[in-house]
Amino acid sequence: MKFLNFKIPHSLSLLSPRRTCSFSSQKTQLNKHPLSRKTFFQSNTKDSLISHLCDQKRLREAVQLLSQIDQPPSASIYSNLIQLCVQHRALEEGKKVHAHTKASGFVPGVFICNRFLDMYVKCGSLRDAQKVFDEMPERDLCSWNTMISGYAKVGKLDEARNLFDEMPERDNFSWTAMISGYVHHSQPKEALNLYRMMLRHENSKSNKFTVTSALAASAAIPNLRMGKEIHGNIVRIGLDSDEVVWSALSDMYGKCGSIEQARHIFDKMVDKDVVSWTAMIDKYFEDGRREKGFDLFSEFMRSGIRPNDFTFAGVLNACADHAAEDLGKQVHGYMTRIGFDPFSFAASALVHMYSKCGSIEDAKRVFKGMPRPDLVSWTSLIAGYAQNGQPNEALKLFELLLKSGTQPDHITFVGVLSACTHAGLVDKGLEYFHSIKEKHGLKHTADHYACIIDLLARAGRFGEAEDIIDKMPMKPDKFLWASLLGGCRIHRNLELAKRAAEALFEIEPENPATYVTLANIYATAGMWGEVAKVRKAMDDKGVVKKPGLSWIEIKREKHEFLVGDKSHPKSHDIHNFLGELSKRMKEKGYVPDTNFVLHDVEEEQKEQNLSYHSEKLAVAFGIISTPPGTTIRHQPITSKESTQVLYLSYLCG
DNA sequence: ATAGGGTTAG
């Protein structure tokens with residue numbers, strides 16, 4: 001081996017005055033000249049020392065040692081070094097190695113060039129990769145594919161596609177890189193076009209990689225017909241023995257709305273791994289079938305396969321959505337036992353879960369335990385404070401965020417603006433609103449506009465609100481108009497209420513809430529003729545106000561209530577409690593504020609006959625069925641069809 | 001050597 005090394009650094013002879021001497025005579029020369037011999041010996045040792053350092057993953061030292069030798073080491077040493085740079089995502093060191101090849105006069109072949117391409121791509125410097133690619137005298141399929149995949153992964157799809165179209169021939173790697181690039185960057189249709197093109201024109205046969213990408217595309221559209229077609233292909237070609245293919249297939253059915261089919265495939269899988277389990281569990285959550293999801297989750301826990309951060313994040317988000325803090329706490333405990341990455345999104349999902357459940361102290365504790373909280377955690381906590389009656393804490397936290405050097409994004413500002421709304425800080429809110437664009441260089445989103453209109457309308461500053469609406473660069477959405485309508489109701493602004501309602505009738509004519517609110521505004525103003533007109537319009541259009549339905553969960557059992565509901569077995573106790581409660585409230589001097597009734601006029605009239613609103617019934621039942629001091633959480637369901645439904649959950653302590 | 005499945009915040 002050492003003898004071989006002797007041959008490679010022929011530039012060694014540069015050190016010796018006799019460059020032209022032959023191999024054997026040089027050896028003799030070396031023997032005769034102690035200095036030359038020492039140099040040779042050192043270089044030789046350094047080569048093997050670099051190899052040794054590479055084996056030990058000591059990248060820094062290896063590169064430092066490399067910089068001390070002027071002549072190129074063997075190609076395999078370069079290769080090892082580059083690979084190590086890739087592993088460490090060490091762009092700086094990688095550049096040093098690259099510079100060394102140039103300085104030492106090493107002429108890299110395609111193989112080493114491809115390594116450099118891969119290194120630059122993985123370290124995130126596509127510019128350097130492109131430069132290497134441009135300078136390559138000779139390229140192979142791998143060179144092209146590495147570039148295409150590099151561009152496709154970061155969403156530079158045009159660049160990727162240009163290379164793809166330009167390359168002389170394509171293989172499965174090229175197709176997969178391109179198709180998955182489209183899938184991951186919201187162009188699933190283009191992905192499927194490409195897949196069809198592959199089937200048509202090229203002789204490339206599908207393999208498990210191309211079909212999984214195509215399945216992901218069908219899932220993202222979603223296109224069940226195409227998904228089924230690919231399923232057929234898979235069976236025909238015999239690719240149905242691969243875990244990932246199965247998983248993608250199950251995912252496709254789930255995303256295309258056939259959750260039963262997804263489960264069917266999931267059940268048939270022999271070697272389910274953490275990804276297939278997690279995906280199936282999340283399917284149930286997305287489908288709103290949380291019991292099923294939680295059941296499958298506990299089944300997974302018993303399977304012996306180790307869950308990962310995706311699993312935890314998925315379940316915790318489901319807990320957050322359902323204010324299921326008891327389960328969230330259990331998951332937290334489990335995570336602590338088996339360990340989780342405090343830098344990962346499982347950690348921020350914890351902050352989110354506790355914030356959403358109203359346990360802001362727990363959220364803060366998790367947040368403080370994070371070595372470097374990410375933006376999602378900051379945002380969750382800020383929004384959590386805003387929602388849980390501590391808007392000033394939310395704003396303080398936001399100022400801390402700015403000091404920490406983390407850049408807020410548009411979602412952070414939704415939390416900030418809603419904090420201002422809750423705190424009634426109108427001018428401060430306006431200041432933040434303007435800073436979004438001016439100080440942070442972000443674009444105002446429809447959400448920001450809805451927030452700021454909500455803020456101004458609640459404060460009765462309708463002139464400014466209208467001014468902003470008229471100047472905004474996009475069409476106001478339904479949330480904005482609904483906020484405005486709500487503000488008009490508080491401040492009895494009939495004119496603007498009409499404008500808001502008309503806009504809402506156009507956007508969502510089928511939503512009864514608009515009619516009800518407008519009728520209420522007219523009723524408050526005593527304009528009964530207008531109330532009747534709104535009612536008639538509702539009837540004419542066939543819009544039906546669904547009765548408000550509320551439910552509360554006591555010990556995992558759901559109890560439902562309609563307005564004026566007397567069918568519950570405990571109905572008598574509930575009504576006694578509520579009667580007692582309003583008696584005591586009146587004694588304390590409480591006067592009901594009719595501006596803030598949550599229900600429509602008809603229901604209000606019912607209430608005068610002691611026909612209680614469903615929320616009141618549910619909360620009352622919760623209070624009398626639980627020990628004193630128990631937290632009762634409420635979670636508005638924001639699905640399209642039932643905006644007035646409340647979800648209340650009693651959590652065992 | 002280059003490619004595939006599940007993913008947070010109002």
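Letters A, B, ... mirror the listed sequences (proteins, then strands); counts begin at 1.
- No hydrogens or angles considered: nothing links the side chains of A/H264 and A/Y253 as a donor-acceptor pair under 3.5 Å.
- Residue A/S180 is in sugar-phosphate contact alone, with no base atom involved, counting any heavy-atom pair closer than 4.0 Å across all strands shown.
- Applying the 6.0 Å contact sphere to CZ of A/F106 captures more than 12 heavy atoms from other residues, nucleotides or ligands.
- The side-chain tip of A/R372 does not point at the ring of A/F343 from less than 6.0 angstrom away and within 45° of straight on.
- Remark: the A/T379 side chain and the A/T412 side chain contain an N/O donor-acceptor pair separated by less than 3.5 Å.
- Contacts of A/N114 with the nucleic acid, taken as non-hydrogen atoms under 4.0 Å apart, include base atoms.
- If you check every strand for non-hydrogen atoms under 4.0 Å, A/Q387 touches sugar and phosphate atoms only.
- Judged by distance alone, the side chains of A/N223 and A/S218 never bring a donor and an acceptor atom under 3.5 Å apart.
- In this structure, A/V245 reaches the bases: a heavy-atom distance under 4.0 Å links it to at least one base atom across the strands shown.
- Within 4.0 Å of A/K153, counting heavy atoms only, lie sugar-phosphate atoms of the nucleic acid but no base atom.
- Contact annotation for A/S380: backbone-only contact, meaning every heavy-atom pair under 4.0 Å involves sugar-phosphate atoms and none involves a base.
- At a threshold of 4.5 Å between non-hydrogen side-chain atoms, the residues A/M167 and A/L141 count as touching.
- At a threshold of 4.0 angstrom between heavy atoms, the contacts of A/S377 with the nucleic acid are absent.
- Within the nucleic acid shown, A/D454 has no heavy atom closer than 4.0 Å to any nucleic acid atom.
- Mapping heavy-atom proximity under 4.0 Å, the span of DNA chain B touched by chain A runs 5' to 3' from B/dA1 to B/dG10.
- Residues A/F433 and A/H448 keep their aromatic ring centres 6.0 Å or farther apart.
- Residue A/D309 is classed as having no contact, given no heavy-atom separation below 4.0 Å to the nucleic acid.
- Residue-level contact check: A/H448 touches neither bases nor backbone, having no heavy atom under 4.0 Å from any strand.
- When heavy atoms are screened at a 4.0 angstrom cut-off, A/A383 is found touching the sugar-phosphate backbone but no base atom.
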